[in-house]
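Some notes on the structure that comes next.
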2 protein chains.
Amino acid sequence: MAERKATSFDIAAKAGVSQSTVSRALRDSPLVNPETRARVQAIARELNYQVDRTASSLRTGNTRTLALLLFEDAPEAASPINPFFLSMLGSITKACSAHDYDLLVSFQHPEEDWYARYEEAHRADGLILLGYGDYVSAHPTLQRLADSGAHWVIWGPRLNFEHGICVGSDNALGGYLATRHLLKQGRRNIAFLGCNSEQAPEFADRYRGYGDALKEAKLVADPDLQVYAESFEDSGANAVASLLDAGLEFDALVCASDLIAIGAMHYLQDKGIDVPGEIAIVGFDDIQAAAYCSPALTTVRQDVKRAGETLVNLLLELIESGDETSRLLEPELIVRESCGS
Amino acid sequence: MAERKATSFDIAAKAGVSQSTVSRALRDSPLVNPETRARVQAIARELNYQVDRTASSLRTGNTRTLALLLFEDAPEAASPINPFFLSMLGSITKACSAHDYDLLVSFQHPEEDWYARYEEAHRADGLILLGYGDYVSAHPTLQRLADSGAHWVIWGPRLNFEHGICVGSDNALGGYLATRHLLKQGRRNIAFLGCNSEQAPEFADRYRGYGDALKEAKLVADPDLQVYAESFEDSGANAVASLLDAGLEFDALVCASDLIAIGAMHYLQDKGIDVPGEIAIVGFDDIQAAAYCSPALTTVRQDVKRAGETLVNLLLELIESGDETSRLLEPELIVRESCGS
DNA sequence: CAATGGCTTGCATACGTATTCACGCTGGCG
DNA sequence: CGCCAGCGTGAATACGTATGCAAGCCATTG
């Protein structure tokens, strides 16, 4: 069957009506006689007719498609994708399906001038930007995007652009919950892994929450126990190693991400240190691996399903009504084994 | 800037040439004078002009877009996506980017009549089908797709359709490698978890490889040690529980997927049984969590990166030259801790 | 009986691009 | 000096759909 695809004209001919009527009938327009509509729709089914979305988009000006732009630190094909973003991708895809929208997915080299490609090229009605803060929000082209009147949402901390909206977790609250829980367990020397990240400004908020919880407990955070880490296992291992090497006393770790936590946990276990017996650990994100490792990782869950739905819903409302506001989602502490409860 | 988007006519006016010339210049046609071309391109840049892909597609008949259809057992938004497919999604996305193609991602309810939506509706030039075998390959609409002359590739075991090509792992080889390795470690009572899966026919090939390795070692597979499981943690736990409850002797598990292996491993650990001391475990897939669990899981890696590239490359060649053949990819044994090496 | 209005339908056009066809101009050659 | 070749350009059109506008028909009403 290399035959030409059926068009609305073919249906029109077969139904003995005009192409306009076919178009209206297929879109359930009230203008067309119910009988005619039924006849046209029957013929359309019979011919396996599908509206040509390309032509339809050209005519109507909208694509019923959203574009997801993923910003990764290392966009080479070799590197694995951050598992948290991968889950977000899954939930966003499902949220789009639910609204009968299609989703274009694409990786972006942060250095590239990605600004124009999608909305400009009339490929999508709106954009979802996903990636660790600095790689996206500090990008000069984001300003251009904001100025362009395009429809977009971004995952991450709130930004001050006139157009475009932000959806993110309340990272400070998350850091606070993690730390308070450890304090309730009686831990007193709590270190924080993930300060001064260049990669992820959201870590700074988590760190702030950690400080708040200590302050509330009338404790002073020991500056030596607050160390740098990025969201990789290696980095978590290095961070905890530096603490051990310095001979510091600590009985718990609040980690700015699960990858850091898992790296740190494995390092401690390799050194024969019991987790959570000697050192309790709390992570952040609740990636899938958090539940699988031993001991299972207590962590601050960012509800990926709700996040994806929120991003998509807000973007669609923004497209339709043009008016929406940024949102902050509440994270949730998931207590497993690594915190010693 | 709510202004109208610039069109090729705007550029034409500004450059003092016709729209035809603009179109040719932007596509680097040799027909147009190099000077004119440079001038036109400069103006296009200046106006932030982007070719309207919708109109372009309508005219040329191709979209430079592929569609990825993901078939999941439980398409409700609540359920998490199988991590192996999620990684494939990532690698396919990257492979498309590398070819400057866009990727449409969409979940499919297996019961639905998904056949027509993409190529038919002129949304994509080709289709990639991804999901556990039966949900896709046994579907009646796949036959319609195969008959329709559409361009598509499917991940999984080879199928006999006239059109369309299959890319999959050599699952039998994988099962063989896993089992042979355990035999080399001196294990003799090796159970297999994942027989008779309704979900995943590829498990049957893995099981066959397991049998081949035993036969090669002149061992007879104990039928009691070959149990049913689907690719969920719970199912793995149940499977190994049934072995323990039956009081059977075994010193190793070959699992048809990593999720099964992780479920089984945790169950054994809960019962105070040492892995790999008393029981060695090998999984299949090499999902991210395999490296993170304790002990780290020895597993048969399906090279997700190469798989994604192969799917995309073959599909593109199929679209362009119309002639390609199915491929079988070699899996690789990744030795970690859970096998007791 | 004429006028009005509601209900259906068809005609014509626009969306923005890519490409076929035709044409004008320049220079070389007979 | 005239003709032809070839390069560069423009005019016109097609891709398939959605929709504003106009018109036809029938029934109702004054």
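Since the model is a prediction, treat every value here as computed from it, not as a measurement. Chain letters run A, B, ... following the sequence lines, proteins first, then strands; residues in each count from 1.
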Give a yes or no on whether the backbone of Thr310(B) and the side-chain of Arg327(B) come within a donor-acceptor separation of less than 3.5 Å. no
Do Arg64(A) and Asp102(A) meet the salt-bridge criterion of a basic N to acidic O distance under 4.0 Å? no
With a non-hydrogen cut-off below 4.0 angstrom, is Thr36(A) in contact with a base, only sugar-phosphate, or nothing? sugar-phosphate
d(CZ, Arg39(A); P, dT8(C)) in whole Å: 14 Å
Within the distance-only criterion (no hydrogens, no angle test), does the side chain of Ser326(B) pair as donor or acceptor with the backbone N or O of Cys166(B) below 3.5 angstrom? yes
Check the distance between dT13(D)'s P and Leu58(B)'s CG and give it to me in whole angstrom. 18 Å
Would you say Ser8(A)'s side chain and Ser23(A)'s backbone share a donor-acceptor pair under 3.5 angstrom? no
Main-chain N/O of Leu69(B) paired to Ser106(B) side chain as donor or acceptor, under 3.5 Å: no
Sidechain N-carboxylate O distance under 4.0 Å for Lys14(B), Glu46(B): yes
Nucleotide nearest Val32(A) when distance is taken to its side chain, options dT8(C), dT9(C), dG10(D): dT9(C)
Axis-to-axis angle between the two ends of the helix from dC1(C)-dG30(D) to dG30(C)-dC1(D) (five base pairs per end, rounded to 10 degrees): 70°
Determine, for nucleotides 17-27 of chain C in 5'-to-3' order, which nucleotides have protein heavy atoms under 4.0 Å from the base (write B), from only the sugar-phosphate (write S), or from neither (write -). BBBB-------
Just by distance, do the side chain of Thr36(A) and the backbone of Val32(A) share a donor-acceptor pair under 3.5 Å? no
Separation of atom CG in Asn33(B) from atom C1' in dT9(D), rounded to whole Å: 10 Å
Whole-Å distance separating the CG atom of Asn62(A) from the P atom of dC15(C): 16 Å
Categorize Val22(A) for me: base, sugar-phosphate, or nothing, with a 4.0 angstrom heavy-atom threshold over every strand shown. nothing
Please confirm whether the backbone N or O of Leu89(A) pairs with a side-chain atom of Thr93(A), one donor and one acceptor, at under 3.5 Å? yes
